[in-house]
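Report on the following structure.
Computed from a predicted model, the values in this text were never measured in an experiment.
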Amino acid sequence: MKDRKIRVRFAPSPTGPLHIGGVRTALYNYLFAKHHDGTFILRIEDTDQTRYVEGAEEYIMDALKWAGIKPDEGVREGGAFAPYRQSQRKGIYQQFALKLLASGDAYYAFDLPEELERIRKEYESRGETFNYGSATRMQMCNTLTLSDEEVKIRMAAGEHYVIRYRMPENEDIHFSDLIRGDIVVNSSTLDDKVLFKSDGMPTYHLANIVDDHLMEISHVIRGEEWLPSLPLHVMLYRSFGWEAPLFAHLPLLLKPAGKGKLSKRDGDKMGFPVFPLFWPYGETATGYREEGYFPEAFVNMLALLGWNPGTEQEIFSMEELIAGFSIERVGKSGSRFDPEKAKWFNTRYFQMKSDEELAELFMPIVEEKGFSPGHDTLVSIVSLVKERVGFVKELWNEADFFFVAPDSYDPDVVRKRWNADSPLQMRELREVVSGVKPFTSETLEKRVKEWIAGSPYNTGTILNLFRLLMVGASRGPHLFDIVGLTGRDETLRRLDNGIRRLAPALS
């Protein structure tokens, strides 16, 4: 194995939107491959056509693209081991099922689904669980209990059948997991899984093993929900006489509170996405992209849900993640998802972006509101308010007063600040402001404070009233930065309007 080139795969089924737990699995595969100068493959496992959902395959590929997880080989990328969609590899699998039949490691089973369901209910009525395996297969309808002649007749008649793996009796199966260490499972506890169906389609277990072997996969890194399947997969490798890849089963992503796996229901209940992108089909679902998360923040957050870098560092670029990633530092226990921490990551990435970048992202929102500020103006506005938010979509609520004059005034501020002297004070301020040249933050501040110093007025009183008339409330960045960007004419209009509207409140 040490001489084999590192080749890993992410192999989702197109049965719906890709959960962020699946994105994390893809990410860990990608980081592992890139760390070792290996190859990352995206394979679509769509053998179960009854669960296929239209649009899901494209969603998976688009989600990975948004997150910056780039397959080296795949459905879109092609590659030496194409095709990478299992439904297009249908003709490959039967020969391997026949090989297991020939060696005696598999057998035909003709039991009808309704008969199996009847037996299961019978067992349940006795408080037991039916297991089609070494303890029961000799009482069932299969090539182990039927004569060769009867098998031929059934096959010729086109009867329903499946091919099951013949799990050995009472054998300790030893295998290793890179995260969980050495594991032993007795074969008597395992059932004879279905590998191939009479419709010509393999099950996940056969197709997965065959494709991993043919695509020369060196490491299988997948979610821990597949851990119960590992004994069968190890046995299949043994039956075929193939060298098995190394396995690593990742811990679950857990609910923010309580027990269990993170689900869409948790997101709906607590108001956060559990999918990378908006899912537009059937029961729609929000996505991290549409909620305004930066892909690099989303990836950084996911990387640390299960992997410990061994340092206090929390902010990692993709290059840093690749350089530092190792399976050995992935934990065994589940990782609890924290929606507030996800927001924290996005805020950190938001604050690291330049004012120019944020202005570019903010411009469509401003234009949608009906305004067309110059680029430099918007850059200046963003520089004043960016520290207060963590998402581009939040900028408007912090910057709206740069574009829209107040049409109401915070009653609490009015009650606290506005009195009988206020109209006169604001008229005097207006005269001072109207004569300031050049009309910049620095000259405005200097001139207004000189005037206050030479008057009987209190600085705090004047500046709080000035802010109230400019903004409509006690909010916003440095007052004179607001006034300087708003401009002389608009500032005078806002002072006139505020005096006119608030003066009657005193009578």
Side-chain angles (χ1 to χ4, degrees), residues 17-20 23 59 62-68 256 262 264 266-280 284-302 314-315 317-318 337-408 410 470-478 481-482 485-486:
L18 181 64
H19 190 277
I20 62 171
V23 182
Y59 180 96
D62 291 345
L64 296 186
K65 181 179 180 181
W66 174 73
L262 178 68
K264 181 179 182 294
D266 299 311
D268 292 343
K269 182 178 177 182
M270 299 180 68
F272 62 85
V274 296
F275 304 116
L277 313 180
F278 172 68
W279 174 252
T284 61
T286 59
Y288 277 85
R289 180 180 65 185
E290 289 71 24
E291 286 296 300
Y293 283 80
F294 297 119
E296 56 268 39
F298 172 75
V299 163
N300 195 157
M301 176 269 295
L302 271 189
E314 289 190 280
I315 301 300
S317 66
M318 184 70 89
F337 178 77
D338 181 353
E340 292 306 312
K341 189 69 172 180
K343 292 178 184 177
W344 178 87
F345 273 106
N346 202 74
T347 299
R348 290 294 303 274
Y349 276 86
F350 180 94
Q351 298 300 338
M352 289 190 292
K353 289 193 177 295
S354 70
D355 298 338
E356 287 75 13
E357 284 180 281
L358 293 176
E360 288 289 338
L361 295 170
F362 187 35
M363 184 65 85
I365 296 174
V366 175
E367 290 176 339
E368 191 177 314
K369 300 286 185 180
F371 302 95
S372 301
H375 174 74
D376 291 346
T377 299
L378 197 59
V379 170
S380 297
I381 291 172
V382 166
S383 72
L384 297 177
V385 301
K386 65 180 283 190
E387 296 296 330
R388 302 162 184 268
V389 300
F391 292 80
V392 172
K393 66 181 180 180
E394 295 173 344
L395 284 169
W396 177 259
N397 288 337
E398 295 294 331
D400 58 341
F401 48 79
F402 284 105
F403 307 97
V404 183
D407 59 3
S408 63
D410 187 322
M470 289 299 297
V471 177
S474 291
R475 67 186 181 101
H478 184 57
D481 288 339
I482 296 174
L485 278 172
T486 301

Would you say the rings of F337 and F272 are close, in the sense that their centroids are separated by under 6.0 Å?
yes
Going by salt bridge (Lys or Arg N to Asp or Glu O under 4.0 Å), name the pairs with one or both residues in residues 378-390, residues two or more places apart or in two chains.
D355-K386
As an exercise, state the distance from CG of L378 to CD of E356, rounded to the nearest 0.5 Å.
10.5 Å
Among pairs that include at least one residue of residues 344-353, which meet side-chain hydrogen bond (donor to acceptor under 3.5 Å, both in side chains), considering only residues two or more places apart or in two chains?
E296-K353, N300-Y349
Could you go through I381 and F403, starting from their C-alpha distance and side-chain angles, then the distance that decides it, and tell me whether this counts as side chain to side chain contact (heavy atoms under 4.5 Å, CB included)?
CA-CA 10 Å; I381 291 172; F403 307 97; 3.7 Å; yes
Those residues that, when tested against N397, pass side-chain contact (heavy atoms from CB on, under 4.5 Å) (two or more places apart)
none
Candidate list Y293, F345, Y288, test ring-ring contact (aromatic ring centres under 6.0 Å, His included), partner F298, passing option
Y288
With sequence neighbours left out, the residues meeting side-chain contact (heavy atoms from CB on, under 4.5 Å) with E290 are L277, F278
Whether over 12 other heavy atoms sit under 6.0 Å from K65 NZ
no
Taking the side chain as C-beta and beyond, is there a heavy-atom pair between F402 and I482 under 4.5 Å?
yes
If you round to the nearest 0.5 Å, how far is CG of L395 from CG of L361?
9.0 Å
Under the salt bridge (Lys or Arg N to Asp or Glu O under 4.0 Å) rule, what pairs show up with a residue in residues 392-401, not counting sequence neighbours?
E291-K393, D400-R475
E340: which residues meet the side-chain contact (heavy atoms from CB on, under 4.5 Å) condition with it, sequence neighbours left out?
D338, K343
